[in-house]
Amino acid sequence: MTQQTLVLIKPDGLKKSLTGNVLTRLSETKLDIVAAKIVKVSRELAEKHYAALKDKPFYGDLIKYIMGEYHKKKVMALVYWGEDAINNVRKICGSTNPEEADPVSIRGAYGRITTKGVYENVIHASTNAQEAEREIKLWFQPDEVIVDLYPTKIIKEKIERRAWA
Ligand code: IDP
Ligand code: MG
């Protein structure tokens, strides 16, 4: 089944100059990258992204981690598209806990657990189609993705925006 999945190279991945390595590993999947950008993650975006985890003891640190407070204040967000995209990407990422992850997976090779107990595991990947849809819509606008993934609508709005001077 053709699917799409959200991938984030987290702030530890960017700080450790792992972008190239991670993208190379992901290219093994033969999936297509259909959207990509560098994002400075706001608290609002971080909290929406990890809304399901808000009762976990590590939630506060997780929000700080994804906002880049421990590393660099940026994340690389991508959408991968193709056959069985969700599981293919998750397989290369490895388990959530970097110490338990297969050593040749991205998380097993590059992740660590901090002394505070945060799993700094370099990469995020959606877990299922429903989560992928929620997350892609959170991180990307329709025009930022080069294929039509979900239905869209045209809205007319008068907004002030920053433009090149
Ligand atoms: P996933 O990223 O493999 O889907 P989730 O359970 O959705 O795992 O957790 C989101 C992120 O929260 C993880 O990638 C990891 O950075 C962090 N995390 C998850 N569980 C723990 C934990 O038990 N301790 C510390 N950090 C955790
Ligand atoms: Mg998850």
Side-chain angles (χ1 to χ4, degrees), residues 1-41 45-53 56-140 144-147 149:
M1 197 198 336
T2 302
Q3 293 178 323
Q4 49 276 359
T5 188
L6 180 82
V7 167
L8 303 176
I9 304 178
K10 296 180 179 181
D12 53 327
L14 293 170
K15 175 89 177 185
K16 293 173 175 172
S17 290
L18 292 172
T19 312
N21 305 48
V22 170
L23 295 179
T24 300
R25 291 302 313 278
L26 290 173
S27 69
E28 290 166 23
T29 62
K30 308 275 202 306
L31 296 166
D32 270 342
I33 298 172
V34 294
K37 62 180 174 181
I38 298 289
V39 183
K40 195 168 170 186
V41 181
L45 177 58
E47 289 179 350
K48 281 186 178 162
H49 180 75
Y50 283 129
L53 299 176
K56 301 281 185 194
F58 55 83
Y59 177 74
D61 286 328
L62 177 60
I63 295 299
K64 282 191 194 160
Y65 166 38
I66 201 69
M67 289 178 71
E69 297 200 4
Y70 303 127
H71 306 93
K72 282 188 171 179
K73 289 207 164 80
K74 58 180 183 174
V75 154
M76 185 168 189
L78 306 105
V79 178
Y80 279 81
W81 183 69
E83 187 60 27
D84 206 11
I86 294 171
N87 282 335
N88 278 330
V89 171
R90 287 287 295 193
K91 219 180 295 163
I92 291 179
C93 288
S95 303
T96 305
N97 179 337
E99 283 185 1
E100 287 170 4
D102 184 329
V104 301
S105 67
I106 292 169
R107 287 168 164 181
Y110 302 123
R112 67 164 192 156
I113 302 178
T114 67
T115 46
K116 272 184 156 187
V118 185
Y119 295 176
E120 288 183 359
N121 54 12
V122 180
I123 188 166
H124 165 85
S126 309
T127 41
N128 57 52
Q130 206 183 336
E131 275 293 279
E133 178 172 355
R134 189 187 75 83
E135 293 173 357
I136 290 168
K137 288 179 174 176
L138 192 57
W139 287 81
F140 288 95
E144 294 178 308
V145 184
I146 62 160
V147 292
L149 300 176

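Using a 4.5 Å heavy-atom cutoff, the side chains of Ile86 and Thr127 are not in contact. Using a 4.5 Å heavy-atom threshold, the side chains of Tyr110 and Ile123 count as separate. Residues Asn121 and Tyr65 are in side-chain contact: their nearest non-hydrogen atoms beyond the backbone lie under 4.5 Å apart. Between Asp84 and Asn87 the shortest side-chain heavy-atom distance falls below 4.5 Å. Here the side chains of Asp32 and Tyr80 are not in contact, with every heavy-atom distance at 4.5 Å or above. A 4.5 Å side-chain heavy-atom check between Ile66 and Val75 finds at least one atom pair inside the cut-off. Within the 4.5 Å cutoff, no side-chain heavy atoms of Tyr59 are placed close to those of Lys64. Here the side chains of Leu138 and His49 are in contact, with some heavy-atom distance below 4.5 Å.
Proximity of a side-chain donor or acceptor of Ser105 to a complementary backbone N or O of Ala101 within less than 3.5 Å is not detected. Proximity of a side-chain donor or acceptor of Gln3 to a complementary backbone N or O of Ala85 within less than 3.5 Å is detected. Between the side chain of Glu120 and the backbone N or O of Gly111, no donor-acceptor pair lies under 3.5 Å. Between the side chain of Arg25 and the backbone N or O of Cys93 there is no donor-acceptor pair closer than 3.5 Å.
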Show your working on side-chain hydrogen bond (donor to acceptor under 3.5 Å, both in side chains) between Glu131 and Ser126 and close with a plain yes or no. CA-CA 6 Å; Glu131 275 293 279; Ser126 309; over 6 Å; no

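With a 6.0 Å radius and a threshold of 12 heavy atoms from other residues, nucleotides or ligands, Glu28 has its CD atom above the threshold. In the displayed structure, Lys137 atom NZ is contacted under 6.0 Å by more than 12 heavy atoms of other residues, nucleotides or ligands.
The minimum heavy-atom distance linking Leu14 with Ile9 is given by the pair CD1-O, 4.1 Å. Counting all heavy atoms, side chain and backbone alike, Thr96 lies closest to Tyr119 at O-CD1, 3.6 Å. The minimum heavy-atom distance linking Arg107 with Ser95 is given by the pair CD-O, 3.3 Å. Pairing each heavy atom of Ile113 with each of Pro98, the nearest pair is CG1-CG, 4.0 Å. The shortest heavy-atom contact between Pro11 and His71 is O-CB, 3.6 Å.
Exactly one of Leu8, Val7, Thr19 qualifies for a side chain to side chain contact (heavy atoms under 4.5 Å, CB included) with Met76. That residue is Thr19. Only one option out of Leu6, Val89, Thr5 pairs with His124 in a side chain to side chain contact (heavy atoms under 4.5 Å, CB included); it is Leu6.
Separation of atoms CD (Glu47) and CG (Leu45) is listed at 10.0 Å; rounding is to 0.5 Å. Distance check, rounded to the nearest 0.5 Å: CG of Leu149 to OG1 of Thr2 gives 11.0 Å.
We find that Glu144 and Lys37 are joined by a salt bridge, their nearest charged nitrogen and carboxylate oxygen being less than 4.0 Å apart.
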